[in-house]
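Data first, discussion second: the structure below is written as structure tokens.
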Protein chains: 2
Amino acid sequence: MTLVQLRQPQSERADLCASADLPPPRPDGQDRYTISEVSAHSGLSVHTLRWYERIGLLPNVDRSHTGQRRYTNADLSWLALVSKLRLTGMAVADMVRYAELVRQGDHTTAERRELLSTTREDVLRRIAELQSTLAVLDFKIDLYSDDDTPGVSERN
Amino acid sequence: MTLVQLRQPQSERADLCASADLPPPRPDGQDRYTISEVSAHSGLSVHTLRWYERIGLLPNVDRSHTGQRRYTNADLSWLALVSKLRLTGMAVADMVRYAELVRQGDHTTAERRELLSTTREDVLRRIAELQSTLAVLDFKIDLYSDDDTPGVSERN
DNA sequence: TAAGGAGTTGGAGTGCGCTCCAGGCAAGCC
DNA sequence: GGCTTGCCTGGAGCGCACTCCAACTCCTTA
């Protein structure tokens with residue numbers, strides 16, 4: 001299992017509850033996180049954060065007077081969504097497209113909903129695939145577990 | 001959804017039933033399929049088939065007297081397993097490892113079972129991830145569906 | 001005998017998603 | 001003043017899983 005393996009956030013499995021983002025560590029108004037803070041919080045490397053910005057997946061990040069990035073709570077929750085969607089296997093390019101739609105404003109909501117619905121279908125399909133694979137795995141594992149006579153094992 | 005997107009087999013979703021391979025088109029003994037037949041059957045490109053062989057994922061394929069590949073039913077079902085496992089995101093390298101273990105014979109069954117069990121855990125984890133993402137998607141889609149007032153849409 | 005189609009090989013190329021590097025700047029501490 | 005730490009940039013590099021190419025052989029059908 002190597003594909004789609006993102007670094008896990010520090011807080012282990014803290015995000016099991018689906019649509020509830022982590023409570024932001026700081027109240028709105030004082031939310032000016034450095035890149036390393038965001039890296040620690042999101043589980044994305046600083047490289048990846050800068051790269052996401054470059055490709056338009058997380059645009060318009062604020063800067064300090066010396067030019068350093070200062071992320072907001074909104075940035076954080078956007079990143080949370082992005083991370084979720086990445087886990088589904090959604091292509092980064094598609095998420096960039098979604099981000100563009102959001103930037104373009106209200107008249108794109110239909111297209112956005114469609115994009116999400118398509119993704120939803122994909123997710124359902126992948127769940128079904130995984131479950132069917134699970135059955136195969138269980139079958140094979142059973143073979144190895146309750147049959148230790150030689151000969152059977154070569155067939156796998 | 002672009003990652004882990006393999007070409008689908010011709011026979012659409014014929015493999016919904018978990019551990020039952022497609023019945024081999026020919027009885028054992030007359031199973032000497034050409035590479036293009038196997039490509040059509042498995043949904044893998046001929047390039048991929050040869051590449052799998054090179055890296056040790058499908059070794060020792062029979063040859064005709066002129067040196068062309070002739071695949072057996074056993075090869076076909078091995079490929080079916082490989083395709084399933086690929087869908088889980090299992091790395092090709094790990095499958096090569098598994099293939100090596102099979103070749104090494106009976107004394108490796110414990111390690112094989114362990115490999116499969118690890119994969120199984122991964123699959124369970126991914127299903128959980130996907131289901132939690134599904135909840136997020138449903139939440140977002142709902143937002144777009146039953147709320148068309150401007151303003152809400154920028155927040156996503 | 002000639003053409004066409006399917007197969008062979010080693011090696012190069014591709015697309016994706018990062019990941020790293022070199023060189024530089026600004027702020028804080030001794 | 002010098003050192004460290006953290007951040008900045010553009011661009012190069014990497015690992016994976018294919019994907020394609022050129023040049024060739026072999027078989028079949030016309």
Side-chain angles (χ1 to χ4, degrees), chain A residues 1-9 32-71 75 79 82-99 122, chain B residues 1-9 32-71 75 79 82-99 122:
Chain A
M1 194 80 154
T2 313
L3 271 169
V4 197
Q5 196 116 49
L6 306 174
R7 280 167 57 206
Q8 279 307 104
R32 297 178 59 74
Y33 308 98
T34 67
I35 196 165
S36 56
E37 285 170 332
V38 175
S39 170
H41 181 272
S42 68
L44 300 163
S45 76
V46 294
H47 300 295
T48 302
L49 287 172
R50 288 195 273 250
W51 179 65
Y52 277 4
E53 189 173 337
R54 248 195 306 209
I55 64 175
L57 187 51
L58 176 60
N60 310 327
V61 173
D62 246 32
R63 298 293 176 130
S64 72
H65 70 105
T66 58
Q68 297 190 192
R69 289 171 181 81
R70 292 294 178 261
Y71 295 84
D75 292 331
L79 281 174
V82 163
S83 299
K84 273 264 175 247
L85 292 180
R86 281 293 297 123
L87 286 177
T88 69
M90 188 177 184
V92 167
D94 289 350
M95 297 194 299
V96 171
R97 173 90 193 115
Y98 182 78
D122 287 339
Chain B
M1 193 80 156
T2 313
L3 270 168
V4 196
Q5 196 116 50
L6 306 173
R7 276 167 60 207
Q8 280 307 102
R32 296 178 60 73
Y33 309 98
T34 66
I35 196 165
S36 54
E37 286 171 332
V38 175
S39 170
H41 181 271
S42 68
L44 299 163
S45 76
V46 295
H47 300 296
T48 301
L49 288 171
R50 288 196 272 253
W51 179 65
Y52 277 3
E53 188 173 339
R54 251 198 303 211
I55 64 174
L57 187 51
L58 177 61
N60 310 323
V61 173
D62 246 31
R63 298 295 177 125
S64 73
H65 71 106
T66 59
Q68 298 189 191
R69 288 173 181 79
R70 291 295 177 261
Y71 294 84
D75 293 330
L79 281 174
V82 163
S83 299
K84 273 263 175 247
L85 292 180
R86 282 292 297 119
L87 284 178
T88 69
M90 188 175 183
V92 168
D94 288 351
M95 296 195 298
V96 171
R97 173 90 191 116
Y98 183 77
D122 287 339

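Chain letters run A, B, ... following the sequence lines, proteins first and then strands; every chain starts at 1.
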Worked check of side-chain contact (heavy atoms from CB on, under 4.5 Å) between B/Gln68 and B/Arg63: CA-CA 5 Å; B/Gln68 298 189 191; B/Arg63 298 295 177 125; over 6 Å; no
- request: Verify side-chain contact (heavy atoms from CB on, under 4.5 Å) between A/Val82 and A/Leu58, making sure each step is shown before the conclusion.
  value: CA-CA 9 Å; A/Val82 163; A/Leu58 176 60; over 6 Å; no
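In the interface, the side chain of A/Arg54 is paired with the base of D/dG11 through a donor and an acceptor atom under 3.5 Å apart.
Rounded to a whole Å, the CG atom of B/Leu44 is 8 Å from the P atom of D/dC18. Rounded to an integer number of Å, the gap from CG of B/Leu79 to P of D/dC18 is 12 Å. One can place CD1 of B/Ile55 at 13 Å from P of D/dT19, the figure rounded to the nearest angstrom. Atom CZ of A/Arg50 is separated from atom P of C/dT19 by 13 Å (rounded to the nearest Å). Taking atom CH2 of A/Trp51 as the reference point, atom P of C/dG15 lies 15 Å away to the nearest angstrom. Atom CG in B/Leu49 sits about 13 Å away from atom C1' in C/dG7, given to the nearest Å. Separating the CG atom of B/Asp94 from the C1' atom of D/dA17 is a distance of 14 Å, rounded to the nearest angstrom. In this entry the distance linking CG of B/Leu85 with P of D/dA17 reads 13 Å, nearest Å.
In this structure, B/Arg86 contributes its side chain and B/Met90 its backbone to a donor-acceptor pair below 3.5 Å. Checking side-chain atoms of A/Ser42 against main-chain N and O of A/Leu79 turns up no donor-acceptor pair under 3.5 Å.
For A/Ser45, whose side chain is taken as the heavy atoms from C-beta onward, the closest listed nucleotide among D/dC18, C/dT19, D/dT9 is C/dT19. Which of D/dT19, C/dT19, D/dC7 sits closest to the side chain of A/His47 comes down to C/dT19.
The phosphate of C/dG7 (OP1 or OP2) has a side-chain N or O of B/Ser36 nearer than 4.0 angstrom. When the side-chain nitrogen and oxygen atoms of B/Arg86 are compared with OP1 and OP2 of D/dC18, one or more of them lie within a distance under 4.0 Å. Neither OP1 nor OP2 of C/dG17 sits under 4.0 Å from any side-chain N or O of A/Tyr52.
There is a side-chain donor-acceptor pair under 3.5 Å between A/Ser45 and A/Thr48.
A heavy atom lying under 4.0 Å from DNA chain D marks the following residues of residues 62-71 of chain A, by number: A/Arg63, A/Gly67, A/Gln68, A/Arg69.
The existence of a salt bridge linking A/Asp62 and A/Arg32 is confirmed by a sub-4.0 Å separation between a basic side-chain nitrogen and an acidic carboxylate oxygen.
Shown are B/Val92, B/Val46, B/Leu57; of these, the side-chain contact (heavy atoms from CB on, under 4.5 Å) with B/Trp51 is made only by B/Val92.
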